[in-house]
**Student:** 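Handing you this structure, nothing more for now.
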2 protein chains.
Amino acid sequence: MSDHPPFAVTVDVVLLTIRAGELSALVVRRGEAPYRGRWALPGGFVRPDEDLDAAAARELREETGLRHGFHLEQLRTYGAPRRDPRMRTVTVAYLALAPDLTSPVASTDAAEAEWRPVDALLSARPGLAFDHGRILGDALERARAKLEYSPLAAAFCPEEFTIGELRRVYETVWGTAIDPRNFHRKVSKTPGFLVPTGETTTRDGGRPAQLFRRGSLDLLNPPLTRG
Amino acid sequence: MSDHPPFAVTVDVVLLTIRAGELSALVVRRGEAPYRGRWALPGGFVRPDEDLDAAAARELREETGLRHGFHLEQLRTYGAPRRDPRMRTVTVAYLALAPDLTSPVASTDAAEAEWRPVDALLSARPGLAFDHGRILGDALERARAKLEYSPLAAAFCPEEFTIGELRRVYETVWGTAIDPRNFHRKVSKTPGFLVPTGETTTRDGGRPAQLFRRGSLDLLNPPLTRG
DNA sequence: TCAAAAGTGTTAATTCTACACCCATGT
DNA sequence: ACATGGGTGTAGAATTAACACTTTTGA
């Protein structure tokens, strides 16, 4: 009880978005051993004076330039003794959801980061570096589960979005079809979920659709420090 | 990205049970500074060659003698820079649920461990040592939420239990009254939840009640390593 | 015989689900 | 005009909630 062996502590971020109708994750190509050339989750060491949530937000910012408009939550911590062959490392994994970032892909980090469909990443052989395949699988499971009971899906949408766009998020993440009429009724009747902007758009074709913003009383960017 | 400052990594366990009609947690009295004399969650350092789940199970065993019949899951990881004034420590918190352990309270550990009602622990001033008050609060929230959509409540019951006893678990954890008739129908019609033993008991008074065991296809002791 | 808890039946309110139908735009 | 997606109405199914009522024990 008196020895405290040193560990390296890292954060890894599973950043999910929807691109071209596919649920995709941001991955980086590893340039050095181990797992050289394989895809890995973006992440890095927690700094000496940095909280875990702050470290995850920093990694996300370094890879994408994102400073706000995303959802970030702690997922789970992984610490199997030999998960990193170089040293004893414990990683705190985070789940992040963001809209399709076609504009601000400006990565300040040197590593080449790319979007890949989650399905492809999970089924590819060889898989992701380290235990990142399992982390990605857990993140996918969490994301799917949370859509059911939280207004989280709107985190995948741009600032202003239509109900049809929001529905396509659910359909993409779950891989199922949803009745557009019932979905419309359900979300538009949930108080505080959607805030109408008063504007309309025809970008999805057909009759003009109302534009909404995420409700302010939701779970997006929940207090990172809950006092 | 090339420095990896050393961290101490610990596990802390929130072990909940129901004693005398109150939701209670196992806490230990701290014998040394910091927070000398205050209640803390049982926990300790992760060993150099030990997985996180294994460390949590070991701590639980050392404090209670429990080897099986409990539920154990990772809760969340806490790593604020100055959460332990002695050194930079990251703790992986676990949530454990167990039946009332009147018999096997045999602690192999030296620290004096006691059961305390969760309400009292959360409202007492001064509160728990370190950030353990917040951890306990998060654990309570998780436990309440999981009762809603998982068969977890049975983890608080002894090996054989009646439906009324199971109902009292929900009523204690949530602090609400539940209609006994509807509750009976609901749980007895959920396939795989309860396994009838064929025995009955009158220990709760009134008409004899059927005894059940936890269904085997449930979430208790889920695979600690999910392959 | 009475209190207490187990267990069943019934009904009304509510919530899902499927689908008919109309609306307002671009082409 | 017509295809396309947006949006409303409605009827039946399924689920929930409230509560009357019977059963089987201990005291």
**Student:** From the list D/dG7, D/dT25, C/dT25, which nucleotide is the closest neighbour of the side chain of A/A209?
**Tutor:**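 Within the option list, the nearest is D/dG7.
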**Student:** Among A/T197, A/I163, A/T162, which residue meets the side-chain contact (heavy atoms from CB on, under 4.5 Å) test with A/F212?
**Tutor:** A/I163
**Student:** In whole Å, I'd like the distance from the CD atom of A/E199 to the C1' atom of C/dT25.
**Tutor:**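 It works out to 17 Å between those atoms.
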**Student:** Counting the atoms with a prime plus P, OP1 and OP2 as sugar-phosphate, which does B/R167 contact under 4.0 Å by heavy atoms, base, sugar-phosphate, or nothing?
**Tutor:**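 Contact class for B/R167: sugar-phosphate only.
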**Student:** Does the structure place the NZ or CZ of A/R30 under 6.0 Å from the centre of the six-membered ring of A/W39, at an angle of no more than 45° from the ring's axis?
**Tutor:** no
**Student:** What is the distance, rounded to the nearest whole Å, between atom CG of B/L166 and atom C1' of C/dA6?
**Tutor:** 14 Å
**Student:** From NE2 of B/H184 over to C1' of D/dT23, roughly how many Å is that when rounded to an integer?
**Tutor:** 12 Å
**Student:** Look at A/R203 together with A/E165 and state whether they make a salt bridge at an N to O cut-off of under 4.0 Å.
**Tutor:** yes
**Student:** What is the separation between atom CZ on B/F183 and atom C1' on D/dC19, rounded to the nearest whole Å?
**Tutor:**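 Rounding to the nearest Å, CZ of B/F183 and C1' of D/dC19 are 18 Å apart.
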**Student:** If you check the A/T162 side chain, which of C/dA6, D/dG7, D/dG6 turns out closest?
**Tutor:** D/dG6
**Student:** Closer than 4.0 angstrom, basic N to acidic O: yes or no for B/R214 and B/E159?
**Tutor:**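 Between B/E159 and B/R214 there is no salt bridge, as every charged N stays at least 4.0 Å from the carboxylate O atoms.
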**Student:** Give me the distances for all protein-to-nucleotides 14-18 of chain C N/O pairs that come in under 3.5 Å?
**Tutor:**
from, atom 1, to, atom 2, distance (Å)
C/dA18, N7, A/N182, ND2, 2.9
C/dA18, N6, A/N182, OD1, 3.2
C/dA18, N6, A/R185, NH2, 3.4

**Student:** Is A/R76 salt-bridged to B/D53, cutoff N-O under 4.0 Å?
**Tutor:**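 A salt bridge links A/R76 with B/D53.
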**Student:** So which one's nearest nucleotide on DNA chain C is more toward 5', B/E165 or A/P208?
**Tutor:** B/E165
**Student:** I'd like to know if A/R207 reaches the base of C/dA24 with its side chain such that a donor and an acceptor end up less than 3.5 angstrom apart.
**Tutor:** no
**Student:** Is there a donor-acceptor pair closer than 3.5 Å between any side-chain N or O of A/D51 and the backbone N or O of A/A54?
**Tutor:**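 No, because the side chain of A/D51 does not come within donor-acceptor range (under 3.5 Å) of the backbone of A/A54.
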**Student:** Return yes if some donor-acceptor pair links the side-chain N/O of B/T91 with the main-chain N/O of B/A93 below 3.5 Å, else return no.
**Tutor:** no
**Student:** Starting from C1' on D/dG5, measure out to CD1 on A/I178 and report it in whole angstrom.
**Tutor:** 16 Å
**Student:** Are there any protein N/O atoms within less than 3.5 Å of an N/O atom in nucleotides 12-15 of chain D, and if so, which ones and at what distance?
**Tutor:**
none

**Student:** Counting neighbours of CD on B/E114 that are heavy atoms of other residues, nucleotides or ligands and sit closer than 6.0 Å, is the number greater than 12?
**Tutor:**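 Enclosed: over 12 neighbouring heavy atoms sit under 6.0 Å from CD of B/E114.
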**Student:** Rounded off to whole Å, could you give me the NZ-to-P distance for the B/K189 and D/dT16 pair?
**Tutor:**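 Taking atom P of D/dT16 as the reference, NZ of B/K189 is at 11 Å.
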**Student:** Send over the distance from B/R203 CZ to D/dA27 P, rounded to a whole Å.
**Tutor:** 16 Å
**Student:** Whole Å only: how far is the CZ atom of B/R168 from the P atom of C/dA4?
**Tutor:**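 In whole Å, C/dA4 P lies 14 Å from B/R168 CZ.
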**Student:** Quick check: are there more than 12 heavy atoms from other residues, nucleotides or ligands sitting under 6.0 Å from CZ of A/R67?
**Tutor:**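 Atom CZ in A/R67 is not packed in, count stays at 12 or less.
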